[in-house]
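What's counted below: heavy atoms across the whole structure, side chains too, no hydrogens, waters or symmetry copies.
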Amino acid sequence: MLNTNSEYLRPEIMDVLRAFGCEEEDFNHYFSCACGKYLNVIEYGGEFYDFEEDCEEEDELVFKRLAKRSCKLAFYKVLSKAKNINLPWGALTGIRPTKMAYTELAAGRDFKPLFEKLCVIAPNISLIECVLAAQKPVYKKGGQDLYISLPFCPTKCEYCSFITAPIEKTRAYVEKYIDCLVREIASVKPFLKDLHSVYVGGGTPFVLSAEQLTPIYAAINDILPKKVEYTVEAGRPDVFSEDKLKLSKEYGVTRICVNPQSFNDKTLEKIGRKHTAAQTVKAYETAKKFGFDINLDLIAGLADETVFDFEKSLNTAISLNPENITVHTLSLKAGAKLKENVKRLNVAGIADMIALSREKLTKAGYQPYYLYRQKYQAGGLENVGWTKPDKACVYNIDTMEEISDNVAVGANAISKRYFGEEERIERYASPKDIPTYIEKTEKIIEERNKLFK
């Protein structure tokens, strides 16, 4: 149990305790700031530890941000020594390491010393440097990105935390949902002054028929001020068809996501997929005929896979030569079936899988162009998007770095307005529940649009 005199620091401290698997152990923590110094005193295992560092008191937000950083580092140092464990991202628990790097650069400082201070391992500091280099040609603050949510799937995978349910349980809502979505899409036209990209996500958008996708595509095209990067997260290969791909091409889609997660049939069966690796390859080859840029998603750590199993999937993905490959590390997520059965992920060889992905993808000519982390991620690792030169996905960069407005429509869509001069974000979240979304569409339009006026 954690006792602290500063409750606003509790969430940050708990992130570190969870990373070491000792959130049930007893800790006493005292925090103070005096004479220009942060002081963290930690009692753990019958020992006392004192940590002191310079503080900034002029600005409350800066003060709190640095106070959180100081307490996390203090707890990390205590636990790293006590457990004899060095975590790959050190005391860094945030989901966007690159944002911190950009903040340092904007202040005229090299970001590396800060990450070294936070005990981030050298290969991860190099990874951040590579990501920033890959982002440079397309990194642009301001403007907008448009997100369309289609929360329908063939089945729900065991690791998935999205609101999606099997299409057989939600089919009755599809037509009404499309009608509401089309109205919502039309309502955002006034805000799209400098549109960078469009992203149709899910769920699995291609679980809908070509006839059902048509009004959605038409509504999007009606509001586009110009031709932009246009991604459809088509999803699982068992719902691909030539008519859906042809329709997507006709309406200006430029990029397709095929999400195999694994190229091992036994793994696919275990996680609740209803397709084979061979179907993935066929779906990829069919999509490629239409000239789309393609992203393939893989997840390291699925269903007791070995390093050899993951390497097989990685080799297959590379052999297909897509423009983008995203490598996720398995994570426990609230609402996922996996989290009901597992409290903590201990995946044998997970660090080797991620190291292998970095080695093989770099050798194959890919560059890491965005990364993010999640709580309860196996091995304390990360998710990385890899790209061929000049093929980076603008939407992924904009949303991950939070440097543009994200105008989001549909159930469980989270709109974000970026106030660049103040470097802050305001959000509006639509209801997760599909029937509730349908019932409240007009109110959602009114409230979301207030954010962007």
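- Put simply, OH on Y369 and OG1 on T98 are 12.5 Å apart, with the number rounded to the nearest 0.5 Å.
- K226 NZ: more than 12 foreign heavy atoms inside a 6.0 Å radius.
- Here the NE2 atom belonging to H328 is positioned 7.5 Å from the CG atom belonging to N259, to the nearest 0.5 angstrom.
- In plain terms, the two heavy atoms of Y395 and E229 that are nearest each other are N-OE2, 3.0 Å.
- Taking the side chain as every heavy atom from C-beta outward, I148 and I185 approach each other to under 4.5 Å.
- No cation-pi contact links K432 to Y437, judged by a cut-off of 6.0 Å to the six-membered ring centre and 45° from its axis.
- A parallel orientation is assigned to the rings of F51 and Y49, their planes being inclined by less than 30° (bins at 30° and 60°).
- Salt-bridge formation is detected for the pair R448/E184: a Lys NZ or Arg NE/NH1/NH2 atom is positioned less than 4.0 Å from an Asp or Glu carboxylate oxygen.
- Side-chain atoms of T329 never come within 3.5 Å of backbone atoms of A300 as a donor-acceptor pair (strictly under, hydrogens ignored).
- When the shell of 6.0 Å around CD1 of I414 is examined, it contains 12 or fewer heavy atoms from other residues, nucleotides or ligands.
- Heavy atoms of other residues, nucleotides or ligands lying less than 6.0 angstrom from CG of N84 number 12 at most.
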#### Entry: salt bridge (Lys or Arg N to Asp or Glu O under 4.0 Å) between K83 and E25, worked out
CA-CA 13 Å; K83 306 289 185 182; E25 297 185 40; 2.9 Å; yes

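- By the 4.0 Å N-to-carboxylate-O rule, E446 lies too far from K443 to be salt-bridged with it.
- The existence of a salt bridge linking K312 and D309 is excluded, since no basic side-chain nitrogen approaches an acidic carboxylate oxygen closer than 4.0 Å.
- When the shell of 6.0 Å around OH of Y173 is examined, it contains 12 or fewer heavy atoms from other residues, nucleotides or ligands.
- Here CD of E43 is found 11.0 Å from CZ of F27. Values are rounded to the nearest 0.5 Å.
- Although no hydrogens or angles enter the test, the distance criterion places a donor-acceptor pair under 3.5 Å between the side chain of Q144 and the main chain of K193.
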Return a table of donor-acceptor pairs under 3.5 angstrom between the side chains of residues 72-79 and protein atoms on other chains or two or more places apart.
{"residue": "K72", "atom": "NZ", "partner": "E12", "partner atom": "OE1", "Å": "3.4"}
{"residue": "K72", "atom": "NZ", "partner": "T93", "partner atom": "OG1", "Å": "2.9"}
{"residue": "Y76", "atom": "OH", "partner": "L87", "partner atom": "N", "Å": "3.0"}

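- Smallest separation of non-hydrogen atoms from N406 and T399: ND2-CG2, 3.0 Å.
- Between F111 and E129, some side-chain heavy-atom pair lies under the 4.5 Å cut-off.
- When the shell of 6.0 Å around OH of Y428 is examined, it contains more than 12 heavy atoms from other residues, nucleotides or ligands.
- Judged by distance alone, the side chain of R18 and the main-chain N or O of Y376 form no donor-acceptor pair under 3.5 Å.
- Rounded to the nearest 0.5 angstrom, Y418 OH and E401 CD are separated by 11.0 Å.
- When T4, I42, L9 are each tested for a side-chain contact (heavy atoms from CB on, under 4.5 Å) with F31, only one passes: L9.
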Enumerate donor-acceptor pairs with a distance under 3.5 Å from any side-chain N or O in residues 136-143 to protein atoms, sequence neighbours excluded.
{"residue": "K140", "atom": "NZ", "partner": "D194", "partner atom": "OD2", "Å": "3.3"}
{"residue": "K141", "atom": "NZ", "partner": "E423", "partner atom": "OE2", "Å": "2.9"}

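- Here the closest heavy-atom approach between residue V182 and residue A219 is recorded as CG1-CB, 4.0 Å.
- Judged by distance alone, with hydrogens and angles left aside, the side-chain atoms of N264 form no donor-acceptor pair with the main-chain N or O of T267 at under 3.5 Å.
- Ion pairing between E53 and R69 fails under the 4.0 Å rule for side-chain N and carboxylate O.
- Taking 4.5 Å as the limit, every side-chain heavy atom of R236 sits out of range of all side-chain heavy atoms of F206.
- For the pair Q261/D297, a side-chain contact is recorded, criterion being any heavy-atom separation below 4.5 Å from C-beta on.
- The number of heavy-atom neighbours closer than 6.0 Å to CG of N28, taken from other residues, nucleotides and ligands shown, is above 12.
- Relative ring orientation between Y199 and Y147 is described as parallel, the plane-to-plane angle staying below 30° on a 0-90° scale split at 30° and 60°.
- You'll find the side chain of Y370 stays beyond 4.5 Å of the side chain of T387, heavy atoms only.
- No donor-acceptor pair closer than 3.5 Å links the side chain of N40 to the backbone N or O of H29.
- Between the R373 side chain and the G380 main chain, a donor and an acceptor come within less than 3.5 Å of each other.
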### Query
Does the side-chain contact (heavy atoms from CB on, under 4.5 Å) test come out yes or no for F20 and S80, once each step is laid out?
CA-CA 8 Å; F20 282 94; S80 179; 4.2 Å; yes

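- Here the closest non-hydrogen pair linking S187 and N449 is O-ND2, 3.5 Å.
- Residues L66 and C55 form no side-chain contact, since every pair of their non-hydrogen atoms from C-beta on lies 4.5 Å or further apart.
- Summarising the local packing, NZ of K99 is surrounded by more than 12 heavy atoms from other residues, nucleotides or ligands at distances under 6.0 Å.
- Side-chain atoms of E323 come within 3.5 Å of backbone N or O of I294 as a donor-acceptor pair.
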### Message
Would M100 and L118 count as a side-chain contact (heavy atoms from CB on, under 4.5 Å) here? Give the steps.
### Response
CA-CA 12 Å; M100 186 180 292; L118 293 171; 4.0 Å; yes

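- Distance check, rounded to the nearest 0.5 Å: CD of E52 to SG of C35 gives 9.0 Å.
- R358 places no side-chain N or O within donor-acceptor distance of the main-chain N or O of L127, the cut-off being under 3.5 Å.
- Considering all non-hydrogen atoms of both residues, A317 and P322 come closest at O-CD, 3.2 Å.
- Considering CG of L330 and CE of M353, their distance stands at 9.5 Å, rounded to 0.5 Å.
- Side chains of P431 and I444 form a contact here, defined as non-hydrogen atoms less than 4.5 Å apart.
- When all heavy atoms of S149 and A411 are compared, the pair lying nearest together is OG-O, 2.9 Å.
- Defined by atom type and a distance below 3.5 Å, a donor-acceptor pair is missing between the side-chain atoms of R273 and S262.
- With hydrogens and angles disregarded, no donor-acceptor distance shorter than 3.5 Å links the side chain of S415 to the backbone of V409.
- Contact of the V200 side chain with the I220 side chain is registered, since non-hydrogen atoms from C-beta on lie closer than 4.5 Å.
- With a 6.0 Å radius and a threshold of 12 heavy atoms from other residues, nucleotides or ligands, F419 has its CZ atom above the threshold.
- Of the candidates T326, T231, N324, N295 forms a side chain to side chain donor-acceptor pair (under 3.5 Å) with just one, namely T326.
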### Full working for side-chain contact (heavy atoms from CB on, under 4.5 Å) between L150 and I216
CA-CA 10 Å; L150 290 176; I216 299 169; 3.7 Å; yes

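- Residue pairs meeting the salt bridge (charged side-chain N to carboxylate O under 4.0 Å, His left out) criterion with at least one member in residues 405-419, sequence neighbours excluded, are E402-K416.
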### side-chain contact (heavy atoms from CB on, under 4.5 Å) between M14 and R10, worked out
CA-CA 6 Å; M14 291 304 300; R10 180 180 292 274; 4.0 Å; yes

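- For the residue pair Q377/N383, the side-chain donor-acceptor check at 3.5 Å is satisfied.
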